[in-house]
Amino acid sequence: MNKTEIAAVLTDIATLLELKGENPFKTRAYQSGARLLEGMTEDEIARRVEAGTLEEVKGIGEALAQKITELHRTGRLEFHEKLKASVPAGLVDLLSIPGLGTKKIRALQDKLGADSIEKLKAACEAGQVAALEGFGDKSQEKILSGIRNREAYGRRHLWLEAQEAGAPILAGLRALAAVQQVESCGSLRRRMETVGDLDFLVATTEPSPVVEWFVSQPHVKEVTARGDLKASVRLESGLQADLRLVPPEQFVFTLHHLTGSKDHNVQMRQRALERGLSLSEWGLFPAEDKHGSTAEAKKAGATGPKSLAAKTEADLFRHLGLEFIPPELREGRGEVEAAEQRKLPELVTEADIRGVFHNHTTASDGHNTLEEMTAAAEALGMEYLGIADHSKSSFQARGLDEARLEQQIAEIKRLNESKKFKTWVFSGTECDILPDGRLDFSDAMLAQLDYVVVSVHSSFRQEREVMTQRIIKAIEHPHVTMLGHLTGRLLLEREGYDVEVDRIVDAAIANGVAIELNASPMRLDMDWRHWRKAAEKGLLTSINPDAHRTAQLDYYKTGVGAARKGWLTKEQVLTTRPLADMKKWLAARRK
DNA sequence: GCCGTTTTCGGCCCGACTGTTTTCAGTCG
């Protein structure tokens with residue numbers, strides 16, 4: 001078993017033990033064991049299993065070491081299997097209902113035999129839950145609504161959806177007189193491809209009008225919590241939005257804490273400790289001396305230790321000997337080390353982008369004409385726009401055959417010559433990669449184009465090796481400029497096809513082909529997790545909106561977010577080049 | 001289940017909020 005699988009088993013054990021009412025510190029030990037494994041390399045784990053030195057890792061003791069070893073060697077763990085068999089299968093599902101934790105679930109199971117969502121729902125409808133000690137009408141109603149809305153509440157949301165839902169809230173908060181500073185935090189700020197909920201942080205000395213505004217904005221369906229220092233609402237979309245209010249001097253620390261990620265925060269706290277400091281959402285304090293706990297220090301109130309001051313996050317990082325780490329990079333993937341060595345990349349910005357490739361028109365499955373798309377690109381200030389309608393095999397998308405493509409080439413030529421728009425238009429195609437790796441157009445046809453995007457749109461289920469070879473064959477074709485959506489994934493809907501990313505990246509570099517960063521918010525493909533390594537090897541990308549209507553040209557901004565998350569600099573993104581350079585680069589590709 | 005320059009036993013992160021309680025347990029992040 002690899003580390004991810006082993007960690008998953010440990011986490012599962014923790015959950016099952018909790019449901020059985022085990023000592024919470026025992027369950028925490030399994031959880032932290034899982035986290036520790038995630039933070040180690042496969043190599044290190046294998047080495048420690050082999051040498052029997054797992055116990056040297058702080059947080060892993062005799063019991064965990066034995067279990068990890070068994071899982072690593074055999075892929076099974078009898079302890080886990082017996083445990084699983086002893087807990088009703090439906091019980092774990094109950095944890096997904098808001099307001100239900102292990103204690104209440106146990107009570108419901110013990111007293112009502114409710115060990116599945118179905119049975120719990122029936123018990124609620126019969127009024128049995130409200131009658132239980134420790135429960136009441138409100139709890140019963142909350143459980144029922146939690147069950148009814150389970151799907152909507154549990155769902156993650158595309159980054160752009162979350163961003164659009166959050167923008168008016170952020171603007172509204174910013175406009176309040178009592179608000180000194182406000183930011184959204186969490187995965188939205190880190191620009192993760194999907195977002196679980198919205199987190200807003202406000203600096204204020206006068207929280208109550210802020211809370212009042214927050215819970216009474218439009219689109220709030222339900223207020224789930226409301227206090228002096230925090231509030232939570234459920235929006236009509238099913239998204240949950242949380243508000244935290246802190247005094248101004250604490251803002252930066254809470255902002256950093258709530259932005260995360262967890263892994264990043266763990267590393268930062270560790271680093272603080274190494275320097276005799278203690279970092280938390282409350283501040284950056286001198287670490288407590290051996291005789292006083294932080295709790296006692298807290299109780300001492302104003303006489304307790306004072307946090308170091310930080311006006312901005314840059315101050316916070318500076319206190320720890322680090323340069324500022326942009327939120328997008330805070331994933332615990334080497335950014336702290338890089339910040340220490342002053343080796344963080346200068347990330348590409350929206351302002352760097354000069355043009356957009358891979359866009360569709362009404363010729364295939366787009367909703368706007370060539371002229372409308374060009375006008376929209378001009379309005380965005382783009383120096384160039386690349387059209388790439390589908391090729392003939394994509395008949396579901398009204399793909400163009402040779403005759404229609406030649407027509408479009410002529411049309412684009414006329415448009416450029418007319419100088420009607422400041423934006424230059426490049427003729428291209430999104431050419432299907434056929435199941436055997438051949439392309440959907442002849443060499444002669446492809447040679448007439450300014451650029452060629454190649455994409456897989458069929459036979460998604462091919463074996464990993466077949467699919468990998470298929471794509472590499474296409475990349476090796478002399479007329480190909482860039483590879484479209486590497487895996488074809490649709491976030492929250494469909495897994496991508498199975499490919500060996502490293503080999504495709506190497507083939508692209510060897511053939512001078514770029515891999516697009518498809519900026520459609522439902523794709524963001526190739527995944528940001530691959531970009532750092534790929535770009536360090538020399539891969540170039542093009543941030544492509546894959547727009548099917550004028551408004552979607554704007555997707556390039558979402559793509560810039562993903563590119564930043566992938567540590568990409570301006571130099572590594574082709575579409576930051578001015579038109580003249582871009583023309584030169586494309587011409588050189590065609591020789 | 002893990003840990004220890006104060007401990008091999010007795011701690012383990014904690015603050016805010018809700019709901020059901022009448023002083024607090026459970027959940028959440």
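Remember, predicted model here, so these are calculated numbers, not experimental data. Order of the sequence lines fixes the chain letters, A, B, ..., with proteins taken first and strands second; residue numbering starts at 1 for each chain.
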Would you mind telling me which of [options] lies closest to the side-chain atoms of [X]?
X         : options                  : value
Lys230(A) : dA16(B), dC3(B), dG1(B)  : dA16(B)
Trp282(A) : dG15(B), dC3(B), dG1(B)  : dG15(B)
Arg226(A) : dG4(B), dT18(B), dG1(B)  : dT18(B)
Ala29(A)  : dG1(B), dG26(B), dG4(B)  : dG1(B)
Gln240(A) : dG29(B), dC17(B), dC2(B) : dG29(B)

(request) Find out whether the Lys NZ or Arg CZ of Lys67(A) is both under 6.0 angstrom from the six-membered ring centre of Phe79(A) and within 45° of the ring's axis. (result)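 The answer is yes, since Lys67(A) meets both limits relative to Phe79(A).
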(message) Please name the nucleotide paired to dT8(B) by Watson-Crick or G-U wobble geometry with both distances under 3.5 Å, or report none.
(response)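 Across all strands, not a single nucleotide pairs with dT8(B).
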(message) With a sphere of 6.0 Å drawn around CD of Gln180(A), does it hold more than 12 non-hydrogen atoms of other residues, nucleotides or ligands?
(response) yes
(message) As a quick check of understanding, evaluate side-chain hydrogen bond (donor to acceptor under 3.5 Å, both in side chains) for Asp554(A) and Gln552(A), giving each step before the final call.
(response) CA-CA 5 Å; Asp554(A) 230 23; Gln552(A) 293 177 350; over 6 Å; no
With sugar-phosphate meaning primed atoms plus P, OP1 and OP2, does [X] contact a base, only sugar-phosphate, or nothing at under 4.0 Å between heavy atoms?
X         : result
Glu62(A)  : sugar-phosphate
Pro98(A)  : sugar-phosphate
Leu258(A) : nothing

(message) Between dC14(B) and dT21(B), how many Å separate the two P atoms, rounded to a whole number?
(response) 29 Å
(message) Could you check whether the side chain of Asn23(A) and the base of dG1(B) have a donor-acceptor pair of N or O atoms closer than 3.5 Å, going by distance alone?
(response) yes
(message) Would you say the ring centers of His257(A) and His264(A) fall short of 6.0 Å from each other?
(response) no
